[in-house]
Novice: 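Sharing a structure, written as structure tokens. Questions coming.
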Amino acid sequence: MDSSLFQSDEQKENFIDLDVLFAALRRRAWLIALIAALGLALGVAYLLVTPPVYTAVTRILIDEELAKFTQEEPSVASSMRNDSMILSEVEILRSARLARTVVLAEGLHENEVFLNPPQPPVAWLKSRVKAALRIFASPRPELTGAAAEEAAIGKAAALLQQYMSAERAGRSFVLEVSVKAYDPKLAGSIARAYADAYLSDQLEANFDATQRAMVWLQSRLDELRQSSQAAALEVEEFRAENGLTAASGELISEQQLSDLNSQLILARAETANARARYEQYKSIIDSGPENAVRNATIPPDQPNSALINELKSRYLTISSRAEDVEGRFGEDHPQLVNLRRERAELERQIFSELQQLTESYRNEYNVALAREESLGGNVGTMADESSQTGRAMVRLRELEQRSTTLANLYQTYLARFEEASQQRSLPIAKARVISEAEDPVGPSSPSRTMVLAMSLVLGLFAGGGMAVLQEFRERFFRTGEDVKDALGLKFLGYLPRLQGAARRGKKDRASKPESDKAVTMSPGILRATKDAPGSSFAETMRNARLSADLLLQGTSCKVIGFVSVLPNEGKTTAAANFASLAAASGAKTLLIDGDLRHRGLSRGLSGTPGGGLAEAVMGEKHWPSYVRIDRSMQLAILPANGRHFAHTSELLSSPGMHRLIEEARRMFAYIVIDLPPLGPVIDAKAFEPMADGFIIVAEWGATPRALLRSTLQSERPIASKAIGVILNKADMKKLSRYAAPGGAEGYMGRYTAYYGDRFE
């Protein structure tokens with residue numbers, strides 16, 4: 001047997017095969033169409049029971065430019081501020097206060113069409129549920145008079161807020177207000193009333209805010225005027241009491257002190273400069289004559305700078321000549337001695353001049369230091385004299401600051417008061433209607449096209465989902481590929497479901513047999529291959545016989561058992577037709593009814609029962625005496641007539657059964673035995689050692705693949721002798737729907753010309 005017999009159904013390729021998908025959709029097209037039609041019908045029903053809704057739309061522009069000529073300075077705009085402002089206006093439109101204004105303006109609390117509109121199915125159902133729940137709630141007191149009218153206004157306002165929506169149009173400054181109603185005229189009237197109420201609300205809000213601001217500003221101005229005058233008077237009295245006279249806006253003592261401070265700062269700078277020059281040249285003199293001569297830099301503004309520079313130039317020239325002579329003639333050369341003497345004299349003169357220059361810098365430093373100390377003393381004296389004036393000035397500045405602040409605050413509030421006064425006299429709304437609401441000419445919902453399209457689409461999706469669910473639940477054998485994939489066994493063919501005369505048989509088949517051993521198999525389903533030798537049914541049986549001959553080649557007598565996993569799968573029919581086909585070809589064939597519990601084959605035999613397989617195995621008579629002959633097919637049949645036994649498996653595995661099979665092998669070319677199903681009993685397992693091969697019969701579209709696979713996994717001896725699998729009771733008209741892309745099942749309709757008699 002093929003080693004792939006027990007492979008799992010889940011071992012499939014991981015990509016989506018569109019051909020397989022389309023084939024599955026074609027198989028379930030009727031289900032998808034049915035559910036899609038149901039969805040479309042539900043959509044039509046929804047349109048019939050749902051009242052139409054009309055929507056009126058008005059658009060309002062928030063325009064800050066409308067009031068710009070009444071404002072002295074335009075406000076600074078920003079995207080965040082604009083967004084916040086627009087959202088605030090949207091919330092105003094959605095507010096309960098504005099809804100109440102519209103209700104009162106239009107009298108909606110007294111309009112029955114508005115208060116009690118026709119309800120769609122969902123709303124009607126919800127209202128019925130709420131009404132049922134109110135039975136369990138405590139009763140509410142009856143309202144009368146003003147309370148009843150207020151309750152009606154509140155209900156109308158709440159309904160209006162549900163029917164009305166306001167939103168911003170994109171990123172613009174336009175507000176779109178839409179109102180839904182079941183009456184087109186009512187929808188247009190409410191939308192226009194909303195726009196009017198919003199504009200009036202803006203005007204009233206501006207007027208009220210301005211009025212409140214003016215009242216508060218008036219009282220605040222009186223307080224600020226008195227406080228400012230008192231602060232100015234206090235400043236002048238303090239100045240006069242402390243003699244704080246000012247020239248050019250500044251006190252005289254402050255001017256003198258400022259001049260001395262400026263001179264002191266300059267003197268300190270001169271002192272620091274003189275000290276730096278002195279210390280620089282003092283450090284040069286302290287480094288010695290030779291280093292002083294080499295490192296000294298003479299400023300050009302000094303009187304003796306030209307002399308020193310000339311001496312230094314001669315010094316450098318002699319030093320260069322001395323180095324040259326020393327390099328050429330050595331240290332003892334007389335010319336080098338003279339040059340060194342001359343260089344020493346120049347070094348002494350330059351150092352003397354530098355000492356005189358350093359002394360002059362020291363004198364300058366002392367003069368500058370004395371001037372700085374003098375100015376510092378004068379500043380200190382002047383500061384002591386003006387300290388009392390300074391303390392008074394601190395208090396004076398404090399009083400002046402307070403007076404100035406109160407004066408500025410008074411001017412600011414006075415300007416705001418005048419601005420508010422002007423705005424109150426000319427109130428302008430910062431919004432205008434740019435699209436006035438018209439009475440709608442057609443309903444906005446439900447949209448017939450949208451509802452029908454959505455119903456159809458949802459129906460198709462639901463149908464597709466149901467189809468996919470059924471495909472996933474498909475666990476039965478439908479095609480030969482299913483047999484190969486699930487079991488790894490050879491597929492022998494389809495046996496179509498037989499109908500009409502083929503199942504009933506002909507009237508003359510029930511005639512009296514010629515002798516006691518002569519029988520006739522009925523119904524006609526057991527003789528299908530003889531009655532229609534050119535049918536697809538007979539062709540499948542020929543393929544099964546050929547496969548058995550090839551697999552059991554070299555076996556003089558072939559013992560073939562027919563089994564199934566469940567009852568009523570048609571194994572008896574397959575066994576009888578296989579045997580009749582073999583007998584019709586001239587091969588001596590024995591058909592045994594081995595299903596001792598069900599005995600389906602034996603019940604289809606005419607004639608007088610006189611014992612059968614059980615009695616033959618037990619040895620009551622020699623087994624040939626129980627064999628019956630169907631003369632029309634030249635077929636020997638060993639029925640299972642007679643007594644019933646509980647332990648049938650022991651009979652099939654008994655020595656008597658072994659002896660019967662061995663003797664029959666010497667007399668027949670084929671021994672075909674109809675065995676019980678593999679699932680409920682173990683009779684087939686008991687007979688397995690005597691069988692050369694097994695043909696497994698599964699019912700098309702009814703036998704679970706997992707059940708047959710697990711049964712063969714547990715019955716490995718039978719699986720190892722399996723010749724192949726026949727799918728019985730196949731619906732040949734539906735078979736092409738389950739065909740794989742390019743599979744033979746898809747072309748069954750083109751094979752009919754090769755089949756002679758067909759069962760209709």
Novice: Might you work through the side-chain hydrogen bond (donor to acceptor under 3.5 Å, both in side chains) test for Ser654 and Arg659, ending with a clear yes or no?
Specialist: CA-CA 9 Å; Ser654 65; Arg659 185 170 55 255; over 6 Å; no
Novice: Please confirm whether the backbone N or O of Thr529 pairs with a side-chain atom of Asn577, one donor and one acceptor, at under 3.5 Å?
Specialist: yes
Novice: Looking only at heavy atoms, which two atoms of Ser632 and Lys530 are closest? And how far apart?
Specialist: O-CE, 2.9 Å
Novice: Treating Thr711 as the side-chain partner and Val565 as the backbone partner, does any N or O pair qualify as donor plus acceptor under 3.5 Å?
Specialist: no
Novice: Output all residues satisfying side chain to side chain contact (heavy atoms under 4.5 Å, CB included) with Leu492, sequence neighbours left out; order by chain, then residue number.
Specialist: Lys490, Asn543, Ala544, Ser547, Ile695, Ile726
Novice: Quick one: does Glu615's side chain have a donor or acceptor within less than 3.5 Å of a partner on Gly612's backbone?
Specialist: yes
Novice: Considering only heavy atoms from C-beta outward, does the side chain of Ile32 approach that of Leu460 to under 4.5 Å?
Specialist: yes
Novice: Mind checking salt bridge (charged side-chain N to carboxylate O under 4.0 Å, His left out) for Asp595 and listing every partner two or more places apart, or none if nothing turns up?
Specialist: Lys571
Novice: Do Asp674 and Thr572 have side-chain atoms, one donor and one acceptor, less than 3.5 Å apart?
Specialist: yes
Novice: When rounded to the nearest 0.5 angstrom, what is the spacing between CD1 in Ile35 and CZ in Phe461?
Specialist: 13.5 Å
Novice: Does atom CD1 of Ile682 have more than 12 heavy-atom neighbours from other groups under 6.0 Å away?
Specialist: no
Novice: Between Val672 and Ala575, which heavy-atom pair has the shortest distance, and what is it?
Specialist: CG1-O, 3.7 Å
Novice: If you take all heavy atoms of Arg545 and Ala587, which pair is closest and at what distance?
Specialist: NH2-CB, 4.4 Å
Novice: Do other residues, nucleotides or ligands put more than 12 heavy atoms under 6.0 Å from Lys729 NZ?
Specialist: yes
Novice: Who passes salt bridge (charged side-chain N to carboxylate O under 4.0 Å, His left out) against Glu688, sequence neighbours left out?
Specialist: Lys721
Novice: With a 4.5 Å heavy-atom cut-off, do Ile560 and Asp692 have their side chains touching?
Specialist: no
Novice: Is a donor on one side and an acceptor on the other found under 3.5 Å between the side chain of Arg542 and the backbone of Pro533?
Specialist: yes
Novice: Does a side-chain heavy-atom distance below 4.5 Å link Leu40 with Leu452?
Specialist: yes
Novice: Under the criterion side chain to side chain contact (heavy atoms under 4.5 Å, CB included), I'd like the reasoning laid out for Leu601 against Leu591: C-alpha separation, chi angles, the key distance, then a yes or no.
Specialist: CA-CA 9 Å; Leu601 178 61; Leu591 175 61; 3.6 Å; yes
Novice: Answer yes if the side chains of His622 and Glu663 hold a donor-acceptor pair under 3.5 Å, and no otherwise.
Specialist: yes
Novice: Could you tell me whether the side chain of Ser564 and the main chain of Leu566 form a donor-acceptor pair under 3.5 Å?
Specialist: yes
Novice: Begin with the C-alpha distance, continue with both residues' side-chain angles, and end with the deciding distance and a verdict on side chain to side chain contact (heavy atoms under 4.5 Å, CB included) for Ile723 and Phe694.
Specialist: CA-CA 6 Å; Ile723 298 172; Phe694 290 92; over 6 Å; no
Novice: Taking C-beta and beyond as the side chain, do Val451 and Pro446 meet within less than 4.5 Å on heavy atoms?
Specialist: yes
Novice: Is the shortest distance from a Lys or Arg side-chain nitrogen in Arg478 or Asp731 to a carboxylate oxygen in the other one below 4.0 Å?
Specialist: no
Novice: Check whether any side-chain heavy atom of Leu652 sits under 4.5 Å from a side-chain heavy atom of Leu613, and report yes or no.
Specialist: yes
Novice: Locate the shortest heavy-atom distance separating Ala722 from Leu551; write the atom from each residue and the value.
Specialist: O-CD2, 4.1 Å
Novice: State the CG-NZ distance between Leu678 and Lys685, to the nearest 0.5 angstrom.
Specialist: 10.5 Å
Novice: Which pair of heavy atoms, one from Phe668 and one from Cys557, lies closest together, and at what distance?
Specialist: O-SG, 3.0 Å
Novice: Does a donor on one side chain and an acceptor on the other come within less than 3.5 Å for Ser556 and Arg666?
Specialist: no
Novice: In terms of the angle between their ring planes, are Phe578 and Tyr670 parallel, tilted or perpendicular, with boundaries placed at 30° and 60°?
Specialist: perpendicular
Novice: Can you give me the closest heavy-atom contact between Ala579 and Thr589, atom names plus distance?
Specialist: O-CG2, 3.7 Å
Novice: Mind checking the CG-CG spacing from Leu38 to Leu458? Nearest 0.5 Å is all I need.
Specialist: 12.0 Å
Novice: Using modelled atom types only, decide if a donor and an acceptor are shared between the side chain of Ser602 and the backbone of Ala640 within a distance under 3.5 Å.
Specialist: yes
Novice: Apply salt bridge (Lys or Arg N to Asp or Glu O under 4.0 Å) to residues Asp593 and Arg603 and explain how you reach the verdict.
Specialist: CA-CA 10 Å; Asp593 186 358; Arg603 286 197 298 269; over 6 Å; no
Novice: Can you tell me how far apart CZ (Arg665) and CG (Leu590) are? Round to the nearest 0.5 Å.
Specialist: 12.0 Å
Novice: With a 3.5 Å distance limit and no angle check, can you tell me whether Thr555 reaches the backbone of Lys558 through a side-chain donor-acceptor pair?
Specialist: no
Novice: Report yes if the side chains of Trp700 and Asn728 come closer than 4.5 Å at any heavy-atom pair, otherwise no.
Specialist: no
Novice: Would you indicate whether the side-chain heavy atoms of His598 and Pro567 approach each other to under 4.5 Å?
Specialist: no
Novice: State, with a plain yes or no, whether a side-chain heavy atom of Arg705 is found less than 4.5 Å away from one of Phe476.
Specialist: no
Novice: Go through it in stages, so that I can follow the logic: the residues are Leu489 and Ile696, the test is side chain to side chain contact (heavy atoms under 4.5 Å, CB included), and I'd like the CA-CA distance, side-chain angles, deciding distance and then a yes or no.
Specialist: CA-CA 10 Å; Leu489 295 177; Ile696 302 170; 4.0 Å; yes
Novice: Within this structure, what is the OG-CG distance for the pair Ser653 and Leu651, rounded to the nearest 0.5 Å?
Specialist: 8.0 Å
Novice: Side chain to side chain contact (heavy atoms under 4.5 Å, CB included) for Leu727 and Glu699? Distances and angles first, verdict last.
Specialist: CA-CA 6 Å; Leu727 292 183; Glu699 184 176 351; over 6 Å; no
Novice: Would you compute the distance between atom NZ of Lys180 and atom OG of Ser444 and round it to the nearest 0.5 angstrom?
Specialist: 6.0 Å
Novice: Would a distance-only check, ignoring hydrogens and angles, find a side-chain to backbone donor-acceptor pair under 3.5 Å from Ser625 to Lys621?
Specialist: no
Novice: Is a side-chain N or O of Glu715 found less than 3.5 angstrom from the main chain of Leu712, in a donor-acceptor match?
Specialist: no
